A.B. asks: 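Below: one structure in C-alpha cells.
Nothing here was measured: the structure is a model prediction, and the numbers come from that model.
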Amino acid sequence: MERLVGRLNVCLEKYPMESFWTFMFLELSAVGSIYKTLGLLGIKFSAEYALAFAISRPIKRIRLPLNIAAAATLARVFPSLTKINIMALSGLVTEKSSPSPEKVGNENQTWAMKLWEKGSELINVYGAAYYFGSRAMGVTIIFSLYQAILHGLDVSWIISRFGVSEALGETLGTWAAAVTFAAFLAPLNLAILPVLVPKIAAKWASFRR
C-alpha cells in the first residue's frame, strides 16, 4: 500500500493536469459503461431516484460534519489514504499546505471562497480519506432520500410540475444511478493513474514536438 501511495503521489505531483483529465475521463467512462450495462440488463430506475439525486446536490453544502466523520473513520481504518496528495489532482497545488493567515483573516471573502478553503484544509489533513469519505456519504444520502420517497415522502407534485414523462423519468433515474454506482470505482480509477498517466504524458509531449 505504501508503495502504491508513493507512486500515486509522484504521478499526481509530476503530472497534475494530465492526472486530472485522465481521472475525469475514467470517471465519465465509468458512468457511461454502467449506464449501458444497466440498459443491457434491463434494469431501470424511476424518476424518483433522479429526484433523490437532485435533492442531494444542495445538501452537499451542509453535510460537512458527516463528511468529516466519514473521512476520520476511513483514516483510522486505512491510514495510508491520508498520505495521498489528492489536492494535486486539481492542478492547483502540488504539495500539502495550510491556508495562509491572510486568507483566513480576510473578512471580504465570499461564502464560496471560505467553503473552498475549508474543504482544501480538510483534504490536506485527511488526504484521499476525505475525498472517498465525502463520496461515500453522498451515496448514502442519495439512497436514504430514495428510500424515504419510496416509503411515503410525496414528491409526485414535483415530477408533475416539470412534466416529466415516465420514459424520461426512467432515463434520468437510470443515469443518476449510473453516476452513483460509478462512485464506487473511484479508488480503482485513482489507483491506475500511475500506470496510465506517464504514458499519456509522454504521448502528448511527443505530439507537441
A.B. asks: For the hydrophobic clusters of this structure (ILVMFWY residues joined by side-chain heavy atoms under 4.5 Å, transitively), does one cluster hold both I142 and Y131?
C.D. replies: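 Unlinked, I142 and Y131 end up in two clusters.
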A.B. asks: For R3, does the CZ atom sit with more than 12 other heavy atoms under 6.0 Å from it, leaving out its own atoms?
C.D. replies: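 No - once you tally the heavy atoms of other residues, nucleotides and ligands closer than 6.0 Å, there are 12 at most.
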A.B. asks: Taking the side chain as C-beta and beyond, is there a heavy-atom pair between E170 and F45 under 4.5 Å?
C.D. replies: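 No, every pair of side-chain atoms sits at 4.5 Å or beyond.
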A.B. asks: For M137, is there any backbone N or O sitting under 3.5 Å from a side-chain donor or acceptor partner on N67?
C.D. replies: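 No.
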A.B. asks: So, S33 side chain and A30 main chain: donor-acceptor pair closer than 3.5 Å or not?
C.D. replies: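 No; judged by distance alone, with no hydrogens or angles, the pair does not exist.
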A.B. asks: Under 4.5 Å between side-chain heavy atoms, hopping through other hydrophobics if needed: is there a path connecting Y130 to F20?
C.D. replies: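 Y130 clusters together with F20.
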A.B. asks: Is it the case that the side chain of N85 and the backbone of N9 share a donor-acceptor pair, with hydrogens and angles ignored and the cut-off at 3.5 Å?
C.D. replies: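 No: the side chain of N85 does not pair with the backbone of N9.
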A.B. asks: In this structure, are over 12 heavy atoms from other groups packed under 6.0 Å from F143 atom CZ?
C.D. replies: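 Yes, the 6.0 Å shell around CZ holds more than 12 heavy atoms from other groups.
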A.B. asks: Is there a donor-acceptor pair closer than 3.5 Å between any side-chain N or O of T22 and the backbone N or O of S19?
C.D. replies: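 Pair absent, no side-chain N/O of T22 close to backbone of S19.
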A.B. asks: Hey, quick one: are V195 and M24 part of the same hydrophobic cluster, counting side-chain heavy atoms closer than 4.5 Å, chains of contacts allowed?
C.D. replies: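 Shared cluster, no.
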A.B. asks: What pairs meet the side chain to side chain donor-acceptor pair (under 3.5 Å) rule with one or both residues in residues 173-195, with sequence neighbours excluded?
C.D. replies: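 Passing the test, one end in residues 173-195: E27-N189, Y49-T180.
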A.B. asks: Once side chain to side chain contact (heavy atoms under 4.5 Å, CB included) is applied, do any residues pair with I34, and if so which ones, sequence neighbours excluded?
C.D. replies: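 Partners of I34 under the side chain to side chain contact (heavy atoms under 4.5 Å, CB included) test: L38, A178, F181, A182, L185.
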A.B. asks: Has R63 got a side-chain atom pairing as donor or acceptor with S134's backbone, closer than 3.5 angstrom?
C.D. replies: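 Yes, the answer is positive, given that a donor and an acceptor are paired below the 3.5 Å cut-off.
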A.B. asks: Is there a side-chain contact between L12 and I84, using heavy atoms and a 4.5 Å cut-off?
C.D. replies: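 Yes, their side chains come closer than 4.5 Å.
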A.B. asks: Any link between I86 and L193 through a network of hydrophobic side chains (Ile, Leu, Val, Met, Phe, Trp, Tyr) touching at under 4.5 Å?
C.D. replies: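 In one cluster with I86: L193, yes.
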A.B. asks: Are V139 and L66 joined in one hydrophobic group, where the rule is that I, L, V, M, F, W and Y side chains link up if heavy atoms are under 4.5 Å apart?
C.D. replies: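 No.
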